[in-house]
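Everything numeric in this text was worked out from a predicted model, so none of it was measured.
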Amino acid sequence: MTDIWSFLLQTLTASGAAALLLIVKAMFRDKLSPRWQFAVWGVLAVVLLLPAGRGGRYVLLNWPMLIETAKSVLTGDFGTLTHVIAPVPLPSLTAPKTAADWLYLIYLAGVVILLARYLVSYVLLRMALKRGRPAQNERVKAVGSQYHLPVCPAVEVDGLPTAFICGVFKPVLALPAGTETDEKVILHELLHLKYRDVVWGLAICLFRCLHWCNPLLWLCADWAGNDLESLCDQRVLERLEGEERRDYGRILLSMADEKYARTPGTSSAANGGRNIRRRIEAIARFKRYPAGMALVSVCVALVLAFPLMIGARAETVRDNPRGYFFADGSTASFASARTVYCTTYAGAFDAYAKAVLQENALYRAMCTTLSEQNDLAANGETGYGSWDPGLPMPAIAQSGYYIYNPTRLEDGAWKGLLAVELPNEQGGSGNPLRLAVQTVRVEQEGGRWVALPQEKFWIIDSRSSALSIWGCEELPARVYEAQYGDFTIQIRWQIVAQVSSQVRYDNWFGSSYTFDTVPKPHGTFDQVSHEQTIYAIYTGDPADKETYTHIAVASIPIYGDERRHPTVGLDYLNVQSSGSSTNGSSWGNYLLDGDWDERVTISGGGSTMNWERDKGCRIPASFAATLYLNYRTAAELTLLPAEGGERIER
């Protein structure tokens, strides 16, 4: 925690978990044993130890959105995002300048003062114990031997109302001077010693200090301390028989220790008289818990632990959260957009593309840098923020988008070419297809993936009838070439990717699909294909063209240093056929009859790919190809990247 906002995020997250635990504990108070009643506080302890909002997650309520909304309303700042680096406060190295800085300074002062108070209390207690007299250890050893418990040195101190353990590394059993301590009390304290309950008491005191201004967590600290004592009572009763159990409840009334109650480093941390009644009530319920409740206890704890520790991610942006704690819907919307940020590079591509398709500033806020957030919020309208992506006209949103040739760069960022469809001259979709394309870089900013356009949109007209995952000949492709005799064999190779956004609707007339325009900030490229086209370009003397009657090529991509050649047989290529395989190989042939063009298409097509299995769709280092001329094997070729491996035709 580095400022008041991160403290609020941490303490409110813990408060939500605490409120849920208190409700569940109240429901099962008479049904579950003290072991469960205390153990369930471990769930809250883990929530307190984990930085709130990590990975864009929240517990129960979308606390990050509420904090960002409050911060924007009170400060007018949209250009920061609250992060909890550590669950403990870290001092600021700069002088306070704003009211929020002063509030954080006051909070830090409260933590220091409370820690100092507990430290002084512990030091004074240790000094009092040093003035005590060594106690006769025979009774303590006898109790330890009878119940097979460890023992520690004991001292008698004047003025103590009851016994307790003090210290973690060198524990001491403090006994009241002038009175004979009941063996059951000694048993109680030795059980504290065996299970190192002093450490749990220290943890409770630490959380009390860190969240000193949160009354709900203070209440939880009190109840956790009392549950710790009730658990120790349970352990005592399991070792006693008959009348001794009934006597133990009466003895508890003499164990109220207000003088050293809640002193850290001791087992008297929750021995105040106000808690005795609840402990006696727990004793009255001893062994009255229904059979099988141990399994129920474990199941309840697991059901609570998973959502409270893991949390949930906000999957969508609240476009119009009017009435959601704040009247300013636009402010809350942009706060939501900042907190539902992209956690994957594919999610950043998806959010940016859908922001372009709808000219939506809220979607752009999900994947832009923090330095641009203030400008987006200033230009946005209430509810739905408008944003100008630089298109000459609005894109056709239902046609979707595709990312061409997504490539991982050396610095860990990604680059790809975004393509969206624009209305054609007739005002709609269809031939001729008009595309707006733009190179986009996606990189990490802190824990967020952000999309950075590298150029203005440029327009191309395609011969395709629709934006397709099978590639577009007019868009950039990686080009591989090899020369043999009068021919240049060329392969254009593309990867086309998209975060799957198809939504199925069933009705009386059947099923239909539509494009989901809501961003998926945590998505992956799960709709991917590669498309490759083989060309033969004649570079010889035009007068010699008639010497060629047939040409065929079979190719396969090569990754790294592997060496292989396609295995498609000549007999198969003698027929008018072409095709491709999921391993990237393709083949085809062309009859060179009549006045054929200098550039002929041998084959074209593609296949779907698995992004994870194919390691982000690796780029081939080269292509191995077998060339056939006039129905004879002519050569085995290696096609190497041309012009750096990518040819852009604008």
Do [X] and [Y] have side chains that approach each other closer than 4.5 Å (heavy atoms only, starting at C-beta)?
X	Y	result
T75	W5	yes
C152	I165	yes
L187	L149	yes
N360	R364	no
Y341	C367	no
L190	P150	no

Which label fits [X] and [Y]: parallel for a plane angle under 30°, tilted from 30 to 60°, or perpendicular past 60°?
X	Y	result
F38	W200	perpendicular
Y104	Y107	tilted
Y345	W449	perpendicular

Looking at every heavy atom in both [X] and [Y], which two are closest together, and how far apart are they?
X	Y	result
P519	D350	CA-OD2, 3.4 Å
P176	T181	CD-OG1, 3.6 Å
W41	D227	NE1-OD2, 2.7 Å
L114	C209	CD2-CA, 3.5 Å
L216	S15	CD2-O, 3.5 Å
V40	K25	CG1-CD, 3.7 Å

Margin query: Within a 6.0 Å radius of atom CZ on R117, are there more than 12 heavy atoms belonging to other residues, nucleotides or ligands?
Written below: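 No, because the 6.0 Å sphere around CZ of R117 holds 12 heavy atoms or fewer from other groups.
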Next item on the list: State whether the number of non-hydrogen atoms from other residues, nucleotides or ligands found under 6.0 Å of W218 atom CH2 is greater than 12.
Entry: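 Correct, the count exceeds 12.
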Could you check whether [Y] and [X], counting side-chain N and O atoms only, form a donor-acceptor pair closer than 3.5 Å?
X	Y	value
K520	T344	no
S230	Q37	no
D3	S6	yes
Q10	H211	no

Single hit among [options] for side chain to side chain contact (heavy atoms under 4.5 Å, CB included) with [X]:
X	options	answer
V88	L49, L206, L210	L210
T368	V450, L452, L376	L376
K71	L8, T80, I4	T80

Once you round to the nearest 0.5 Å, how far does [atom1] of [X] lie from [atom2] of [Y]?
X	Y	atom1	atom2	value
H148	R239	NE2	CZ	10.0 Å
L9	I67	CG	CD1	6.0 Å
I186	L191	CD1	CG	12.0 Å
E68	D77	CD	CG	8.5 Å
R338	T82	CZ	OG1	8.0 Å
L217	L12	CG	CG	9.5 Å

Note to self: Looking at E372, is its backbone amide N or carbonyl O close enough to the side chain of D375 to form a donor-acceptor pair, meaning the two atoms are under 3.5 Å apart?
What the structure shows: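 No: the side chain of D375 does not pair with the backbone of E372.
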Margin query: Check this for me: does any side-chain nitrogen of one of E138 and K141 sit under 4.0 Å from a carboxylate oxygen of the other?
Written below: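 Salt bridge: no.
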Check: Is any NZ, NE, NH1 or NH2 atom of the basic residue among R235 and E238 found under 4.0 Å from an Asp or Glu carboxylate oxygen of the other?
Finding: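 Salt bridge flag = no for E238 with R235.
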